[in-house]
Amino acid sequence: MILADKRDYKRGYTKHYTAYQILRANNDCLKSRRLLLVYCVECGLKYKLLEKWKENNPRTIITNDKDVRKPILTSHSLSRIIKELGQAGTFRFSKAIETKHGDYVNDETYHQMCRYGVTEKNEANNCEGVYEDELLKIAEWLKEVM
């Protein structure tokens with residue numbers, strides 16, 4: 001894991017969200033725009049974690065295996081981070097998405113599904129669209145509180 005500080009996370013949120021909005025407005029690159037949205041939200045949530053913990057540079061958290069904050073900060077589990085921020089009742093990811101390969105994807109692994117271009121087993125369920133909608137709600141909330 002490379003070190004990113006609070007300013008990096010905020011910049012990552014802003015840049016990824018701007019790119020997502022451009023792709024969404026043009027209805028382009030569905031998987032890529034969703035990947036950008038996942039990373040935008042992850043960056044924004046990690047920014048909020050550091051803000052909550054009154055840390056600008058998380059080096060001491062990341063290098064200390066006994067720091068209980070480390071597994072939260074280094075996780076891709078958006079639900080875990082949302083819970084730590086006290087927003088678990090506000091934002092929820094629906095059931096896991098079943099891929100065409102029979103794997104189940106949750107909020108922690110959704111970025112991989114987007115990155116590799118894997119599709120849902122039954123696209124008519126539109127579980128990916130539901131995930132995108134929830135991620136968009138989180139991104140908009142982050143925009144308001146950052």
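The structure displayed is predicted, hence computed values, not measured ones.
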Donor-acceptor pair, [X] side chain versus [Y] backbone, under 3.5 Å?
X	Y	value
N125	C127	no
D107	L78	yes
N26	D28	no
N27	R24	no
Y131	I97	no
E98	N122	no
K143	Y17	no

Can you see which heavy atom on [X] is nearest to which on [Y], and at what distance?
X	Y	result
Y20	R33	CD1-O, 3.0 Å
E84	I72	OE1-CD1, 3.5 Å
E134	R92	OE2-N, 2.9 Å
L23	S32	CD1-C, 4.5 Å
S77	E108	N-CG, 3.7 Å

*Report the C-alpha separation of T60 and E55 in whole Å, then their side-chain angles, then the decisive distance to 0.1 Å, and conclude whether the side-chain contact (heavy atoms from CB on, under 4.5 Å) test is met.*
CA-CA 9 Å; T60 56; E55 297 277 354; 4.1 Å; yes

Under 3.5 Å donor-acceptor pairs involving side-chain atoms of residues 35-49, not counting sequence neighbours:
residue: Y39; atom: OH; partner: R115; partner atom: NH1; Å: 3.1
residue: E42; atom: OE1; partner: H76; partner atom: ND1; Å: 3.0
residue: E42; atom: OE2; partner: K46; partner atom: NZ; Å: 2.9
residue: E42; atom: OE2; partner: H76; partner atom: ND1; Å: 3.2
residue: K46; atom: NZ; partner: L73; partner atom: O; Å: 2.9
residue: K46; atom: NZ; partner: S75; partner atom: O; Å: 3.0
residue: K48; atom: NZ; partner: E51; partner atom: OE1; Å: 2.5

From [atom1] ([X]) to [atom2] ([Y]), nearest 0.5 Å:
X	Y	atom1	atom2	answer
C29	I22	SG	CD1	11.5 Å
K6	K54	NZ	NZ	9.0 Å
D133	I138	CG	CD1	11.0 Å
R59	L3	CZ	CG	5.0 Å
F91	W141	CZ	CH2	6.0 Å
S79	N106	OG	CG	7.5 Å

*Quick one: do the T109 and Q112 side chains pair a donor with an acceptor below 3.5 Å?*
no

*Under the side-chain contact (heavy atoms from CB on, under 4.5 Å) rule, what do V118 and T99 come out as? Steps first, then yes or no, please.*
CA-CA 7 Å; V118 177; T99 71; 3.6 Å; yes

*Might you work through the side-chain contact (heavy atoms from CB on, under 4.5 Å) test for I61 and W53, ending with a clear yes or no?*
CA-CA 10 Å; I61 296 170; W53 296 335; 3.7 Å; yes

*Taking everything shown except K52 itself, do over 12 heavy atoms lie less than 6.0 Å from its NZ?*
yes

*Just wondering, are more than 12 heavy atoms of other shown residues or ligands nearer than 6.0 Å to NZ in K121?*
no

*asked:* Working note: K70 + D67, criterion salt bridge (Lys or Arg N to Asp or Glu O under 4.0 Å); need CA distance, chi angles, decisive distance, verdict.
replied: CA-CA 6 Å; K70 181 179 179 177; D67 192 323; over 6 Å; no

*For the hydrophobic clusters of this structure (ILVMFWY residues joined by side-chain heavy atoms under 4.5 Å, transitively), does one cluster hold both V130 and L136?*
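Different hydrophobic clusters.
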
_Single-linkage hydrophobic cluster L85~V68, side-chain heavy atoms < 4.5 angstrom_ = no

*Could you give me the CA-CA distance, side-chain angles and deciding distance for Q21 and T18, then say whether side-chain hydrogen bond (donor to acceptor under 3.5 Å, both in side chains) is met?*
CA-CA 5 Å; Q21 290 172 318; T18 300; 4.7 Å; no

*asked:* Applying side-chain contact (heavy atoms from CB on, under 4.5 Å) to E120 and M113, what does each step give before you reach the verdict?
replied: CA-CA 9 Å; E120 283 185 70; M113 184 178 181; 4.0 Å; yes

